[in-house]
Amino acid sequence: MNRDLLSAMVVERLLQAWPKAETLLRHDNCYQLMIAVILSSRTTDAQVNVVTEKLFRRFPDAKSLAEADGEEVEDLIHSVGFYRVKARHIVAAAAALLEKFDGSVPESMEELLMIPGLGRKGANVVLGDCFGKPAIIVDTHFGRVVRRIGLSDSENPAIVEREVKSLIPSADQTDFSMAANLHGRYVCLSRNPRCSECVVQDVCRYFSDRNRSSDDR
DNA sequence: ATCCCGAGGG
DNA sequence: CCCTCTGGAT
């Protein structure tokens, strides 16, 4: 099956399974979402949400966080892991908002990538979830899902983003990112994928390859 | 390519 | 014990 047809079927079914889901990172505004996204790198969202509850009470805006004591921030976010780098990043990110972007979160990919700790994945989360722009959010779940299905063959997130973006209508991109993410979390698990519960099993390359190899035994 | 790093699950 | 978790910077 060609990728245009495959992607159309996959989009339709995953959007039906997880209709217009939003990020699981708790936040009240774009500043908070930006900080939460920086903290979420290689960390479960549940861990991030525990930490941000305290963090945002102590530092409710970019100004207070930009002036924060580094060690206090490290202590507050310790349980998310990578706490030294992340503490440095979120303080510098808050400072960048004040110095370069007039205190608010910028709305373009180019500007978002100037913020310490934000890469393409984090920038796309902000673009999609905060500003309603079309975003392909390639995190560990999304990448695994689209590679297994056969929508991309690349391990490079930037290439996966570009390939999948070309396959999916702009209006569906952000919703599909979240749907594929949830599909990866709860069904297309990294270690023991639950293919019997999967809504795209019949068109999935990984599933057919898996059965082929078990037939050989 | 390597480092950052804690927490939870199997 | 090993693997994984919404990666990013050097």
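Each chain gets a letter, A, B and so on, in the order its sequence line appears, and its residues count up from 1.
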**Item:** Nearest-angstrom distance, P atom, B/dC5 to C/dT10
**Value:** 14 Å
**Item:** Sulfur-sulfur distance A/C204/A/C195 under 2.5 Å
**Value:** no
**Request:** In whole angstrom, give the distance that lies between atom CZ of A/R144 and atom C1' of C/dT4.
**Result:** 9 Å
**side-chain contact (heavy atoms from CB on, under 4.5 Å), paired with A/T140, selected from A/K121, A/R42, A/R185** = A/R42
**Message:** When you group the ILVMFWY residues by side-chain heavy-atom contacts below 4.5 Å and let the links chain together, are A/F131 and A/I137 in the same group?
**Reply:** yes
**Asked** Could you give the NE2-to-C1' distance, from A/H141 to C/dC5, as a whole number of Å?
**Response** 6 Å
**Prompt:** Roughly how many Å is it from CG in A/D175 to C1' in C/dT6, rounded to a whole number?
**Reply:** 16 Å
**Asked** Of all of residues 72-85 of chain A, which get a heavy atom below 4.0 angstrom from DNA chain B, listed by number?
**Response** A/H78, A/S79, A/G81, A/F82, A/Y83, A/R84, A/V85
**Item:** Between C/dC5 (C1') and A/Y186 (OH): distance, integer Å
**Value:** 12 Å
**Prompt:** With the 4.5 Å side-chain cut-off for hydrophobic clustering, are A/L98 and A/I35 part of the same group?
**Reply:** no
**Complete:** chain A vs DNA chain B, heavy-atom contacts under 4.0 Å, first-to-last nucleotide span, 5' to 3', is B/dC4 to B/dG9
**Nearest-Å distance for atom pair CG/P, residues A/N49 and C/dC5** = 17 Å
**Request:** Report the distance from atom NZ of A/K86 to atom P of C/dG8, rounded to the nearest whole Å.
**Result:** 10 Å
**Message:** As a test of understanding, state which of A/L112, A/V138, A/L113 forms a side-chain contact (heavy atoms from CB on, under 4.5 Å) with A/R120.
**Reply:** A/L113
**Fill in**
side-chain contact (heavy atoms from CB on, under 4.5 Å) test vs A/S7 passes for just one of A/L151, A/V164, A/D172, A/V203, namely A/L151
**Message:** Suppose you measure atom P in C/dT6 against the same atom in B/dG9; what distance do you get, rounded to whole Å?
**Reply:** 13 Å
**Message:** If the cut-off is 4.0 Å, is A/H89 near the phosphate of C/dA9, judged by side-chain N/O to OP1 or OP2?
**Reply:** no
**Parallel, tilted or perpendicular: rings of A/F176 and A/F142 (30°, 60°)** = perpendicular
**Prompt:** Going by heavy atoms closer than 4.0 Å, what residues in residues 14-48 of chain A are next to DNA chain B?
**Reply:** A/Q47
**Request:** Specify the separation, in whole Å, of atom CE of A/M114 and atom C1' of C/dA9.
**Result:** 17 Å
**Message:** Between A/E22 and A/D129, is the side-chain contact (heavy atoms from CB on, under 4.5 Å) condition met? List the steps.
**Reply:** CA-CA 7 Å; A/E22 292 177 14; A/D129 209 54; 4.2 Å; yes
**Asked** Mapping A/S190 and A/V138 onto DNA chain C by nearest heavy atom, which one lands closer to the 5' end?
**Response** A/S190
